[in-house]
2 protein chains.
Amino acid sequence: MVKTRLEIEEAVPALKLLGDKARLTILGMLKNGECCVCEFTEVLGMSQPSVSQHLRKLRDAKLVKEDRRGHWVFYSLNENYEAYDLVLGVIGYVSDQSEKIAELERQGKRIECK
Amino acid sequence: MVKTRLEIEEAVPALKLLGDKARLTILGMLKNGECCVCEFTEVLGMSQPSVSQHLRKLRDAKLVKEDRRGHWVFYSLNENYEAYDLVLGVIGYVSDQSEKIAELERQGKRIECK
DNA sequence: TACTTATATAATTATATGCTTATATAATAG
DNA sequence: CTATTATATAAGCATATAATTATATAAGTA
């Protein structure tokens, strides 16, 4: 993995965003591909507005992209983010969040976004 | 580099501490070996109590160790910290802070700690 | 058009964070 | 024992952060 060197000033905002349970989980989920908002809400067990506000922070900072399709909005990692390598690197140290999505699948809760 | 997988709950406190300019700089400086408090104060251009309080947070969370020698207290990375790999990994994405220590050297400001 | 569903935004409130100033402690020198 | 230097701690204050509740918007359906 290539390590793009960042100035402290570039790394800090990314790390601030990563240092939150909800946002780190969201980013961990996105490692395996896009997810829609209701999946985050389900996995995190948080209120919809709360999730939405975390997504806004990630969006405003350009860590993630959004893609609306009908009723649903799908989020994915923005590979053009200046500290993308750092984000990927950090996510790499965290246990796989796809397990939580699989858990949803088993509970039949994933079909809510269809 | 080995990637020890952490649970979200273990990674978040470390990332919270990393997401601050002063603390990330301190950790970046420690990558190259121990430093004493007056060096942090000098490089960061912050008040001594402010630096001391950042060091306390890093110490309380076990990211760093302290070693008092006479008047001076030297800090170093704690390689037994549960998220040590993550910390090292993140520091690896940040530009080398040893340059800032070298700068001190040039300015003759480093001898304050002797 | 009106209704429903998914998501976003705004306002409010509670808590956390980081800095400043003042003071305390620890180590050493005289 | 006193003074000095390096560092730590405490109290106070200002700002930042995150959650909740209420409301708005966007897209699709009857």
Side-chain angles (χ1 to χ4, degrees), chain A residues 8-9 12-27 29-30 34-76 104 109-114, chain B residues 8-9 12-27 29-30 34-76 104 109-114:
Chain A
I8 296 278
E9 287 74 13
V12 164
L15 291 166
K16 267 197 213 303
L17 290 167
L18 289 162
D20 174 273
K21 180 173 177 173
R23 291 189 298 261
L24 188 60
T25 305
I26 287 172
L27 294 169
M29 289 170 71
L30 293 179
E34 64 179 16
C35 294
C36 103
V37 178
C38 60
E39 293 175 302
F40 298 134
T41 313
E42 197 56 50
V43 168
L44 295 169
M46 296 173 74
S47 72
Q48 176 270 316
S50 194
V51 170
S52 193
Q53 287 170 79
H54 283 296
L55 288 168
R56 174 159 55 164
K57 290 193 178 191
L58 294 172
R59 213 177 343 110
D60 287 351
K62 307 263 195 291
L63 269 79
V64 301
K65 296 176 297 187
E66 63 172 345
D67 179 25
R68 167 152 245 154
R69 291 187 220 132
H71 278 311
W72 301 279
V73 179
F74 289 83
Y75 282 87
S76 56
L104 281 189
K109 284 185 178 163
R110 202 159 186 226
I111 43 167
E112 287 184 28
C113 302
K114 286 284 148 52
Chain B
I8 296 278
E9 287 75 11
V12 164
L15 292 165
K16 267 198 212 306
L17 289 167
L18 289 161
D20 174 272
K21 180 174 178 175
R23 290 189 299 261
L24 188 59
T25 305
I26 287 172
L27 294 168
M29 289 170 72
L30 294 179
E34 62 179 17
C35 293
C36 102
V37 178
C38 59
E39 292 175 304
F40 298 133
T41 313
E42 197 55 50
V43 168
L44 295 169
M46 297 174 73
S47 71
Q48 175 270 317
S50 194
V51 170
S52 194
Q53 284 166 57
H54 282 296
L55 288 170
R56 176 161 52 166
K57 290 193 178 190
L58 294 173
R59 212 175 345 108
D60 287 352
K62 307 262 194 293
L63 270 78
V64 302
K65 295 176 298 186
E66 64 173 345
D67 179 25
R68 168 153 244 155
R69 289 187 222 133
H71 280 310
W72 302 279
V73 178
F74 290 83
Y75 282 85
S76 57
L104 281 190
K109 284 185 179 162
R110 201 161 187 225
I111 43 167
E112 287 183 27
C113 302
K114 284 288 147 50

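Per chain, numbering begins at 1; letters A, B, ... match sequence-line order.
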D67(A) CG to dA27(D) C1', in whole Å, measures 14 Å
Query raised in the report: Any sub-3.5 Å donor-acceptor pair from R23(A)'s side-chain atoms to L18(A)'s backbone N or O?
Result: no
Report, one pair per line, the protein and nucleotides 16-22 of chain D atoms (nitrogen or oxygen only) whose separation is under 3.5 Å.
residue: dA18(D); atom: OP1; partner: D20(A); partner atom: OD2; Å: 3.3
residue: dA18(D); atom: OP1; partner: R23(A); partner atom: NH2; Å: 3.1
residue: dA18(D); atom: OP2; partner: R23(A); partner atom: NH1; Å: 3.2
residue: dA18(D); atom: OP2; partner: K57(A); partner atom: NZ; Å: 2.5
residue: dA19(D); atom: OP2; partner: S50(A); partner atom: OG; Å: 3.0
residue: dA19(D); atom: OP2; partner: H54(A); partner atom: NE2; Å: 2.8
residue: dT20(D); atom: OP2; partner: S47(A); partner atom: OG; Å: 3.4
residue: dT20(D); atom: O4; partner: Q53(A); partner atom: NE2; Å: 3.0

E42(B)/E39(B) under side-chain contact (heavy atoms from CB on, under 4.5 Å): CA gap, chis, key distance, verdict | CA-CA 5 Å; E42(B) 197 55 50; E39(B) 292 175 304; 5.6 Å; no
Closest to the side chain of R68(A), out of dA10(D), dA8(C), dA27(D), is dA27(D)
note: L55(B), atom CG; dT7(D), atom C1'; distance rounded to Å ~ 10 Å
Sorted by chain and residue number, the side chain to side chain donor-acceptor pair (under 3.5 Å) partners of R59(B) (sequence neighbours excluded) come out as Y75(B)
* Any side-chain N or O of R59(B) under 4.0 Å from OP1/OP2 of dT7(D)? -> no
Please evaluate residues D20(B) and H54(B) with respect to the criterion side-chain contact (heavy atoms from CB on, under 4.5 Å), reporting the C-alpha separation (whole Å), side-chain torsions for both, the decisive distance (0.1 Å), and the verdict.
CA-CA 9 Å; D20(B) 174 272; H54(B) 282 296; 3.5 Å; yes
In residues 44-51 of chain A, what donor-acceptor pairs under 3.5 Å come from side-chain atoms, sequence neighbours left out?
residue: S47(A); atom: OG; partner: S50(A); partner atom: N; Å: 3.3

Here the distance between atom C1' of dA8(C) and atom CZ of R56(A), to the nearest Å, is 7 Å
- prompt: Between the side chain of K16(A) and the main-chain N/O of G19(B), is any donor-acceptor distance below 3.5 Å?
  reply: yes
Is there a side-chain polar atom (N or O) of Y75(A) under 4.0 Å from OP1 or OP2 of dA6(C)? no
Rounded to whole Å, the CG-P distance (L58(B) to dA8(D)) equals 12 Å
Between CD of E66(B) and C1' of dT9(D) the distance, given in whole Å, is 13 Å
Q | Sugar-phosphate only, base, or nothing, as touched by F40(A) at under 4.0 Å among non-hydrogen atoms | A | nothing
Taken to the nearest whole Å, NE2/H71(A) to P/dT29(D) is 6 Å
Rounded to whole Å, CD1 of I26(B) lies from P of dG18(C) at a distance of 11 Å
Separation of dT7(D) atom C1' from R69(B) atom CZ, nearest Å, is 15 Å
Side-chain contact, heavy-atom cut-off 4.5 Å: E66(A) with F74(A)? no
